[in-house]
Every structure is written in structure tokens, then in C-alpha cells.
Visitor: 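Got a structure here, written out as C-alpha cells. Questions coming.
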Amino acid sequence: MAHLRHDPTSTQKGDITYDAGIVSGIVALAINEVDGVSLLDTKNKGVKLSFEKNGIIADVSVKVDYGNNVASLAFRIQQSIKHSVESMTKFKVDKINVHIQDVDFPDNLT
């Protein structure tokens, strides 16, 4: 479980706590927003997070649609995850590793 202290200059008191599952869900939603990619059908949906001193390190494993530029697609995945996590939580994203695990071919190619 990740834990953040509230800004001491604020007039409100208390702590904000994020369960790792919440952050993992945000990452999954961010991946689904990218056209041409889908999450793996595994228990953790292909998302592994590490909460480090410099920020979150995300390892994501995805399936891409045939015909996409893989480098461009991986960059868009990284942008989407970084934007979503940093705008919805107070966490910083240190690194996002994208692992292409499979290619989804159209029926007429197989």
C-alpha cells in the first residue's frame, strides 16, 4: 500500500492513502485509452508496479494490433500512463517499461 502525507501548508489535516490496486487500475485504464493495444488476459492484467523513492516504476505487458508501429505505440502507452497516474494521484512516475507480449492478427492473415 502506498502512503502519502498531506501538504503541511494546507489548512486541512489528514493523510491520503492509495492502495496499489487503485494505481494499477489507473494504469490499466490508461492503457485501454490507447488505440491498437490491449491488456493481457492474466491475473494482474500485465501490470506490475514498484513504489520507489524516485517514483513509480511500471512494467506493463500488452498485446498490440497487427500493423501498428510498435515504437510509436509504446511511446503513446508511456505518455498515457504517466499523464493518468500523475494527474489522478500525487505520485510521480519514474519509469515505464512496455513489454510487447503478443500481436493480434486479423482473421484473414492467419
Side-chain angles (χ1 to χ4, degrees):
M1 182 174 301
H3 183 66
L4 289 179
R5 284 239 169 260
H6 188 64
D7 181 7
T9 61
S10 173
T11 58
Q12 295 179 343
K13 303 211 185 292
D15 294 333
I16 300 171
T17 304
Y18 294 95
D19 183 77
I22 298 295
V23 180
S24 182
I26 293 170
V27 170
L29 287 172
I31 293 169
N32 284 331
E33 291 178 356
V34 178
D35 290 332
V37 66
S38 57
L39 290 166
L40 297 178
D41 292 329
T42 61
K43 179 182 174 184
N44 64 357
K45 300 289 186 193
V47 176
K48 180 183 174 212
L49 301 176
S50 298
F51 294 87
E52 304 294 331
K53 182 179 178 182
N54 294 331
I56 294 174
I57 297 175
D59 282 282
V60 296
S61 299
V62 296
K63 181 189 329 185
V64 299
D65 293 344
Y66 174 80
N68 282 292
N69 179 309
V70 174
S72 174
L73 193 61
F75 180 71
R76 290 194 333 254
I77 291 167
Q78 290 171 323
Q79 284 181 311
S80 182
I81 292 171
K82 182 172 176 63
H83 172 74
S84 294
V85 169
E86 291 183 354
S87 67
M88 292 182 191
T89 71
K90 298 296 182 190
F91 289 113
K92 294 292 180 197
V93 176
D94 183 38
K95 188 187 303 184
I96 302 166
N97 301 310
V98 178
H99 307 278
I100 309 299
Q101 297 292 329
D102 198 3
V103 177
D104 192 13
F105 291 96
D107 290 337
N108 59 355
L109 289 180
T110 57

Visitor: Tell me whether Val103 is reachable from Ile77 by hopping between hydrophobic residues (I, L, V, M, F, W, Y) whose side-chain heavy atoms are closer than 4.5 Å.
Guide: yes
Visitor: Is there side-chain contact between Asp104 and Asp102, with heavy atoms separated by less than 4.5 Å?
Guide: no
Visitor: If we only count heavy atoms from C-beta on, is the Asn97 to Ile57 side-chain gap below 4.5 Å?
Guide: yes
Visitor: What residues form a side-chain hydrogen bond (donor to acceptor under 3.5 Å, both in side chains) with His83, not counting sequence neighbours?
Guide: none
Visitor: Cluster question for you: counting only ILVMFWY and a side-chain heavy-atom cut-off of under 4.5 Å, with indirect links fine, are Val34 and Phe75 together?
Guide: no
Visitor: Enumerate the salt bridge (charged side-chain N to carboxylate O under 4.0 Å, His left out) contacts for residues 24-52, please, sequence neighbours excluded, ordered by first and then second residue.
Guide: none
Visitor: State yes or no: do Ile22 and Val47 share one hydrophobic cluster built from I, L, V, M, F, W and Y residues joined by side-chain heavy-atom distances below 4.5 Å, directly or via other members?
Guide: yes
Visitor: Side chains of Phe91 and Val93: does their closest heavy-atom pair fall under 4.5 Å?
Guide: no
Visitor: To the nearest 0.5 Å, tell me how far Asn32 CG sits from Leu39 CG.
Guide: 5.0 Å
Visitor: Is there a chain of hydrophobic side chains (I, L, V, M, F, W, Y, each step under 4.5 Å between heavy atoms) that links Leu40 to Val62?
Guide: no
Visitor: A side-chain contact here means heavy atoms from C-beta on lying under 4.5 Å apart; do Ile56 and Asp94 qualify?
Guide: no
Visitor: Between atom CG of Leu29 and atom OG of Ser80, what is the distance when rounded to the nearest 0.5 Å?
Guide: 9.5 Å
Visitor: Check whether any side-chain N or O of Gln101 sits under 3.5 Å from a backbone N or O of Ser61 as a donor-acceptor pair, and report yes or no.
Guide: no
Visitor: Restricting to salt bridge (Lys or Arg N to Asp or Glu O under 4.0 Å), what partner residues turn up for Lys82, sequence neighbours left out?
Guide: Glu86
Visitor: To the nearest 0.5 angstrom, please state how far the CZ atom of Arg76 sits from the CD1 atom of Ile31.
Guide: 13.0 Å
Visitor: About how many Å separate CG of Leu73 and CG of Asn68, when rounded to the nearest 0.5 Å?
Guide: 5.0 Å
